[in-house]
Amino acid sequence: MRKPIIAGNWKMFKLVGDSVAMITALKPLVANASQVEIVIAPPYPSIKTVADRAEGSNIQFAAQDISTEIKHGAHTGEVCGDMLKDVGCTHVIIGHSERRSMYGDTSQVVNRKMRAALNFGLAPIVCVGETLEERDAGREQDVVGNQLDESLSGLTREEMLRSIVAYEPVWAIGTGRTATPAQAQEMHRFIRQWLSARFDNQIADATRILYGGSVKPDNVSDLMSEPDIDGALVGGASLEAESFAKLVNYNR
Ligand code: 13P
């Protein structure tokens with residue numbers, strides 16, 4: 001019913017040559033994976049080259065961020081949605097915790113970026129997740145609920161149907177400390193209930209909710225076996241073709 005998505009976020013890694021080498025190695029390893037959608041988010045300078053190399057394959061591309069602006073103009077350093085589509089993106093990651101914590105992307109900014117992405121027909125992958133301090137204080141649902149309220153404010157049903165949610169607990173990102181499948185499932189269920197309350201059951205049932213945070217080939221199957229986990233947003237293990245292919249081809 002919900003087709004799983006395995007998404008790789010390369011963050012600020014790989015020069016263009018390394019990106020091409022990775023995609024070239026990856027293509028044949030995932031060529032038969034038809035039960036999952038494959039999305040890769042390279043750094044901006046590599047997107048066009050790798051998307052051209054992957055043309056005709058089952059690999060889709062995302063940007064790691066998008067401008068809040070929708071009209072071309074004097075916005076030094078910004079990249080807007082039609083530019084991302086122009087180089088081959090179909091998706092865009094919005095509100096990753098690294099952008100929230102290091103680059104001032106508040107949920108209000110995330111909301112503007114969501115609208116910008118949807119305006120251009122890009123599928124936004126909106127990230128939410130609590131810090132360790134917030135979890136230790138038992139506030140993970142409050143925090144994620146608030147992030148959803150603000151980040152998805154004003155979205156229509158039709159816009160939500162084109163959007164993807166990623167739950168990435170900050171304490172699990174790049175730490176090797178994965179949320180247990182039960183911990184992740186609990187939060188995914190919470191997010192789906194939020195979608196049901198804010199929209200309706202149909203939206204809640206249709207929306208893919210990805211888990212991110214130290215997903216590796218040896219834990220992906222357990223995570224994916226949970227009923228509300230519809231895919232993975234992967235950092236470290238997406239950088240090598242072999243490990244990313246193992247994630248794509250996880251045992252169902
Ligand atoms: P890691 O898989 O390296 O923990 O990163 C997760 C992440 O931030 C994906 O967006």
Side-chain angles (χ1 to χ4, degrees), residues 4-14 18-19 22 26 36-44 46-47 59-66 84 89-103 105 107 109-110 113-114 117 122-132 134-135 140 143-144 147-148 151 163-181 183-184 187-188 191 208-224 226 229-250:
I5 300 175
I6 302 293
N9 174 10
W10 287 359
K11 307 192 179 185
M12 201 175 77
F13 290 100
K14 295 190 187 294
D18 305 318
S19 304
M22 154 60 174
L26 180 68
V36 298
E37 286 184 30
I38 304 167
V39 179
I40 289 186
Y44 288 129
S46 295
I47 297 174
I59 304 171
Q60 305 177 84
F61 291 93
Q64 299 174 16
D65 192 19
I66 184 173
L84 299 178
C89 291
T90 49
H91 294 66
V92 56
I93 298 170
I94 299 179
H96 190 281
S97 69
E98 287 150 19
R99 296 220 53 88
R100 288 179 185 264
S101 66
M102 291 188 267
Y103 302 102
D105 282 15
S107 287
V109 171
V110 171
K113 291 182 173 182
M114 289 292 292
L122 288 159
I125 303 173
V126 59
C127 303
V128 294
E130 81 286 356
T131 62
L132 186 56
E134 290 162 342
R135 174 163 282 263
E140 63 272 19
V143 168
V144 168
Q147 288 173 338
L148 291 168
S151 304
S163 304
I164 297 156
V165 178
Y167 169 62
E168 298 206 304
V170 176
W171 47 272
I173 295 177
T175 59
R177 182 179 163 189
T178 326
T180 64
Q183 283 174 320
M187 290 304 288
H188 282 230
I191 292 167
R208 268 93 52 96
I209 306 173
L210 316 184
Y211 168 78
S214 299
V215 178
K216 308 285 178 210
D218 63 6
N219 60 28
V220 66
S221 294
D222 283 349
L223 288 161
M224 290 300 294
E226 294 292 340
I229 300 183
D230 308 312
L233 181 54
V234 186
S238 75
L239 293 172
E240 299 292 333
E242 287 73 20
S243 61
F244 189 65
K246 282 185 190 157
L247 295 173
V248 168
N249 299 316
Y250 70 93

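Both counts, for ligands and for their atoms, begin at 1 and track the order of listing.
- Residues Gln147 and Gly129 come closest through the heavy atom pair OE1-N, 2.8 Å.
- Contacts of ligand 1 (protein heavy-atom distance under 4.0 Å) are Asn9, Lys11, His96, Glu168, Ala172, Ile173, Gly174, Gly213, Ser214, Leu233, Val234, Gly235, Gly236.
- Remark: the backbone N or O of Leu239 is paired with a side-chain donor or acceptor of Lys14 at under 3.5 angstrom.
- Side chain of Tyr211 to backbone of Gly213: a donor-acceptor contact under 3.5 angstrom is found.
- In the displayed structure, Met12 atom CE is contacted under 6.0 Å by at most 12 heavy atoms of other residues, nucleotides or ligands.
- Asp230 contributes no side-chain N or O that, together with a main-chain N or O of Ile164, makes up a donor-acceptor pair within less than 3.5 Å.
- Applying the 6.0 Å contact sphere to NZ of Lys11 captures more than 12 heavy atoms from other residues, nucleotides or ligands.
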